[in-house]
Amino acid sequence: MNKMTLNLGPQHPSTHGVLRLILELDGERAISCEPDIGYLHRGMEKIAESRSYIQYLPMVDRVDYLCGFFYSYAFCNAVEHLNHIEVPKYANYIRVMMMELNRIASHLLWLGTYLLDLGAISPMFYTFRERESILDYFEKITGQRMMYNYFVFGGVRHNILYFEDVLNIVNNILFKINEYENLITDNPIFLSRTRNIGVISKSKALDWGLTGPNLRASGILNDYRMNMEIYDDIEYDIILGNDGDCYSRYIVRIYEMRESVCIIKQCIDWLKSNNTFSEPVKISLNEFQKGEIYSFVEAPRGLTLCYLNSVGESTPYRLKWRTGSFYSTQILRDILRGVSLPDIMAIYGSLDVVLPEVDR
Amino acid sequence: MNIIVSTIDTVLNWGRANSIWPLTFATSCCGIEMMCASASNFDIARFGSEVFRPSPRQADLLICAGTITHKMAPVLLRLYEQMPEPKYVIAMGACTCGGGMFSGKDAYSVVNGIDKIIPVDIYLPMCPPRPEGLFDAILKLQKEINKESILTRKEFLDSHKLSLKEENGILVRKDYDELY
Amino acid sequence: MNCIDMIKMNFPDVKVYSDKVETDNQIYEILEYLKKTYELSFDILLTVIAVDYTDYIELIYPLLSTYMNERVNISTKVREEAVSVTSLYPSAYFDECEIYDLFGICFVGNKKLKRLFMPSSWIGHPLRKNYELKDTRLSWNE
């Protein structure tokens, strides 16, 4: 047998960042794969220990720049639970709405870049067009395209007013998703690149700690939104795949976008009929409670945990992020065995890995 | 003689300035804005820079989009050395200009600005810059290129000698062994 | 009977707090019990959290059961060495490498421990409370 070692990355266009894969190849088949991460390790957890809660709040968005609202929510929720701050229901509905819009934006970017990895260039231009309409709305509300810093302890920074804009955006996206499906879902090239490629069985997915859409695509019902209080009054379906291959991961994400649109419409109905915005309460920064808080949120790339350990000082004693992508990268050690070289990027892309979330 | 040189300069600079091929070097947040800049709404092709090259050997411009850590720094230096002359660098985002929000002592693994490693032509701060900001940087770079002359290019290169080398996976000064 | 009662019944030495179950040296046995008992089947190890309390380091293992939709946190105190759980949960491999890298804890049983985030020649373990960045090789970065 003639083994060859191939180094992929860290500067490689298909890794969407700075992942390095060390592959052992036999001809075109991969024998083993060892991901080498840490090229974007910015020390987010150490920084938290020397900056106050308010100073750390804008940095939270940078942990994962594609879904900043989820990370803000996890951090704010942890601080609110620690200090027993009550969040008004109106603010919670705004949070849900913004988070679901962000989920759509994140999935749209995944869709465009995934098809770019598979060799289809035009879907990227379509999905970025729709993503841009969501980003314009975020900019109107928060003043930034990607790093929002909009959720604060005890609510949201200010009221949102442009409900008609949101309705127009989501209705347009619902229409465009059908357009993408016409273009992609039954495309024979796409099918042959993704059907029965990169199959992750149920037990393998659980062993390697997959969460979020990747786990649901393997047919396991697990969505942390079921346990979150802010989703209690909202009706939505949880999308399950059954094969666990790249194609079912694609289908799960497409249908999740439709569900998000459904959630956003329910939020707007509620917000319109109960327009009672109140400013978030001012909290004293010097009187933080002691304790350990586990704050969870179902982010687009899997279950996110913000572990906050406070000893009563103005800075956290220890802060730990558990992110979905960290485990999606790790599973490559197992599932890339015996896969042919062109499929590696198809499998890696379908897992929707964002590197700053892996390295933190 | 001067007339001939200035004529050649005009032609060369015109060609160089209007087809700058960037290298896809997206490390973090700014990389997404760079992708937005090349997508449909903003369309970087209007400025002649739409041909993103994955290989440094085919690129003229290194848009360093995102934080550089100590583990990534040797990669950046090697990519820069692999690019053929003439080459230009845009430092995109506050992290690459001077560390940004990670410039404190507590961020142990972040390089405080890529100008400590390679020479930078255009600084583009903000966290992250909008795509329009990137276009502004490219236009400013085009203006700079138009001022160049083949006679003075060598002096410019001599004044930008690289002072770091790779050792055991991290960058150290070339005179490190003499200093310590 | 909820899972904390079941742990208490089978492992009488554990200490139960409001949000975690603390054990001295039975971490592997408890995790094995939680994973392999059919009524519990805690099948996902979410992460491994290390907290540096200067004289010891606490490791917290949050577990999730997709079958019961329930969570439990198991914690243990270590100084320099800990037991690896990669044979139970393969996903713990990166977590253990991360803690080895950032806290300097060796996991017995994990044969491929390596520095995960920092370059291999890095000095010190950054997330320790007494860590200071003083590496003369990086003097150019000030």
Side-chain angles (χ1 to χ4, degrees), chain B residues 27-28 64 66-81 89 91 93-120 160-180, chain C residues 46-60 78-80 82 86 91-107 110-142:
Chain B
T27 51
S28 64
C64 187
T67 322
I68 297 296
T69 60
H70 283 302
K71 196 172 179 180
M72 194 66 189
V75 182
L76 174 70
L77 183 65
R78 189 178 299 179
L79 284 173
Y80 181 76
E81 282 174 341
V89 178
C95 298
T96 51
C97 290
M101 19 173 49
F102 303 99
S103 58
K105 267 239 140 163
D106 43 359
Y108 48 89
S109 64
V110 177
V111 174
N112 295 336
I114 59 165
D115 51 1
K116 294 195 161 64
I117 305 171
I118 54 174
V120 175
H160 283 86
K161 277 279 185 304
L162 302 174
S163 60
L164 300 175
K165 65 175 179 185
E166 185 185 345
E167 210 175 271
N168 296 329
I170 52 177
L171 288 183
V172 295
R173 289 168 63 140
K174 271 182 179 161
D175 53 356
Y176 177 77
D177 300 330
E178 298 154 27
L179 276 173
Y180 298 99
Chain C
L46 286 174
T47 179
V48 184
I49 303 167
V51 187
D52 184 7
Y53 289 102
T54 57
D55 46 348
Y56 63 91
I57 284 173
E58 187 178 23
L59 299 179
I60 306 172
V78 295
R79 278 174 206 285
E80 277 157 11
T86 41
S91 69
Y93 171 66
F94 263 19
D95 288 313
E96 286 174 358
C97 289
E98 183 188 332
I99 291 169
Y100 168 73
D101 184 359
L102 302 178
F103 287 89
I105 296 211
C106 274
F107 284 85
N110 189 339
K111 283 172 191 149
K112 284 190 186 168
L113 271 184
K114 62 172 184 185
R115 276 199 182 261
L116 192 67
F117 289 145
M118 309 312 294
S120 52
S121 64
W122 194 263
I123 299 168
H125 303 287
L127 247 67
R128 288 225 174 200
K129 286 283 171 191
N130 56 7
Y131 174 78
E132 269 178 65
L133 179 61
K134 40 183 179 189
D135 189 346
T136 50
R137 292 178 299 171
L138 302 173
S139 57
W140 55 271
N141 186 37
E142 276 164 7

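Just so it is clear, the model here is predicted, and its values are computed rather than measured. Computed over heavy atoms, backbone and side chain alike; hydrogens, waters and symmetry mates excluded. Letters go in sequence order (proteins before strands), and every chain restarts at 1.
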Inter-chain polar pairs, chain C versus chain B: which donor-acceptor atoms lie under 3.5 Å apart?
unit_1, atom_1, unit_2, atom_2, d
S121(C), OG, N168(B), O, 2.7
T136(C), OG1, Y176(B), OH, 3.0
W140(C), NE1, L171(B), O, 2.9
N141(C), OD1, N112(B), N, 2.9
N141(C), ND2, H70(B), NE2, 3.3
N141(C), ND2, V110(B), O, 3.2

Report the distance from atom [atom1] of [X] to atom [atom2] of [Y], rounding to the nearest 0.5 Å.
| X | Y | atom1 | atom2 | answer |
| --- | --- | --- | --- | --- |
| I60(C) | L46(C) | CD1 | CG | 12.5 Å |
| I57(C) | I49(C) | CD1 | CD1 | 14.0 Å |
| F117(C) | F94(C) | CZ | CZ | 8.5 Å |

For F107(C), the ring pair (Phe, Tyr, Trp, His ring centres under 6.0 Å) test, sequence neighbours excluded, returns none
Taken in chain and number order and not counting sequence neighbours, the residues that satisfy ring pair (Phe, Tyr, Trp, His ring centres under 6.0 Å) with Y53(C) are Y317(A), Y56(C)
Whatever's closer than 4.5 Å to a heavy atom in chain C on I117(B) counts as side chain
Heavy-atom nearest pair, G169(B) first then P74(B), reads O-CG, 3.5 Å
